[in-house]
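As the structure lists them, so they are numbered: ligands from 1, and atoms in each ligand from 1.
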Amino acid sequence: MVAAATYRPLITSGGGASAPIAASRIMQPMRIADFALERFFARWEFSVRHLLCASDVEGYPMSDLLDLADEETGALWADLRLGYTESASHPLLRAEIAELYQHVDPDGVLVFAGAEEAIFCLLNVAVGPGDHVVVTWPGYQSLHEVARAAGGVVTLHELHEQDGWRLDVERLIRALRPDTRLVVVNAPHNPTGMQPTHAEWARLTDELADRRIPLLSDEVYRFLEHDERDRLLPGTDAYGQGISLGVMSKSFAMAGLRIGWLATRDRDLLDRCARFKDYTTICSSAPSEVLALMALRAREQVLGRSLRIVQDNLEVLDGFFRRRTDVSWVRPRAGPVGYPRLTLDTSIDDLTTELIEAEGVLLLPGSQLGHAGNHFRLGFGRADLPEALARFEAFLDRRAG
Ligand SMILES: Cc1ncc(COP(=O)(O)O)c(C=O)c1O
């Protein structure tokens, strides 16, 4: 019989001679910076009329989802008991998530409360003091800030508008160092809509595999490629140390479930993430697990709806950008967001405030990502985009006089 692991508190004071670890050996925790974008949304998201900068897809109606239940998930829903769930998640949910990948079985999947918890756990586990990490930027703040707060030395791999926001794989490879412990790439990319080509992706993942550097591949917008042929091999299928990050919030249009996951062939890493998660949520919400399972089993309908919303809105946006000279964009290749630039001699921060007051329409200025250059994130996953955009355009016309 294997005895349970014993435990003694790692106390820093009050433990007298029996304290198992000297206070001097416990690292001072680093402070994590405020998440600027989330604070911005906390202020505005539920008080404006139109979110023209949301990164998710119009929330899926609960009753429509229940209509998609098969016999098994319908029974799981009807008989659900609201107790704790398995900490790695319901085995059926892990099995369904594993179906999204070629080289992952259900034990290679760990479920979290959204992608955000997965990022927090993974970066805290994979990055230690002094470890070098390369992260695409501008981007979702936690992808670099959690790594920094964990003690990592972060190199931002900046995407540039003049390059069409493309991932410059050779430049990224040149940034790698002998002490690089992790590379983090988000594609389809928030906020630019960048999507590497298959050749670029293979070049990067082959190089990382050769150098034995793990990749956190943030694929939360996967399945929203505007041309399906651009869908990339998931990070976890590319090589043994690739880690795919997925979520129900974006392409699956179910942010309210707060269900995300990591999928990887690296069992040791996943095990360490599971141990870390014991300090965050322990296990997922029982109703959300069943609803996520229903949605994943009916993914053709669910994803088809999301892609239709995105494609229809893109057409509306194409007309808008053809007409305007005061805003311009690099048309995104994938996902529900793009990153246009205001070409007027006005700051996008000021314009955002004016637009909220005049029309109740919200943009996300690049300053909330720490990025200068008068860009703003534009989201086109929501059903009210035509109306929100019409209000934005009327506002721009009035301003132009
Ligand atoms: C690139 C990226 N990764 C992760 C997340 C976090 O997803 P969630 O809010 O579902 O946890 C987001 C959310 O906007 C995102 O844009």
Show your working on salt bridge (Lys or Arg N to Asp or Glu O under 4.0 Å) between Glu72 and Arg297 and close with a plain yes or no. CA-CA 11 Å; Glu72 188 175 33; Arg297 285 191 176 172; 2.9 Å; yes

Check: Glu38/Tyr140 side-chain N/O donor and acceptor closer than 3.5 Å: yes

Verify whether the ring centers belonging to Trp137 and His189 lie closer than 6.0 Å. no

Within 6.0 Å of CD in Glu170, more than 12 heavy atoms from elsewhere: yes

Identify which one of Phe376, Tyr339, Phe321 satisfies the ring pair (Phe, Tyr, Trp, His ring centres under 6.0 Å) criterion when paired with Trp329. Phe321

Chi angles and distances behind the salt bridge (Lys or Arg N to Asp or Glu O under 4.0 Å) call for Arg398, Glu359: CA-CA 12 Å; Arg398 276 200 310 276; Glu359 297 286 347; 3.0 Å; yes

Could you please provide the protein residues found below 4.0 Å of ligand 1 on a heavy-atom basis, arranged by chain and number? Ser55, Gly114, Ala115, Glu116, Ile119, Tyr140, Asn186, Asn190, Asp218, Val220, Tyr221, Val247, Ser249, Lys250, Arg258

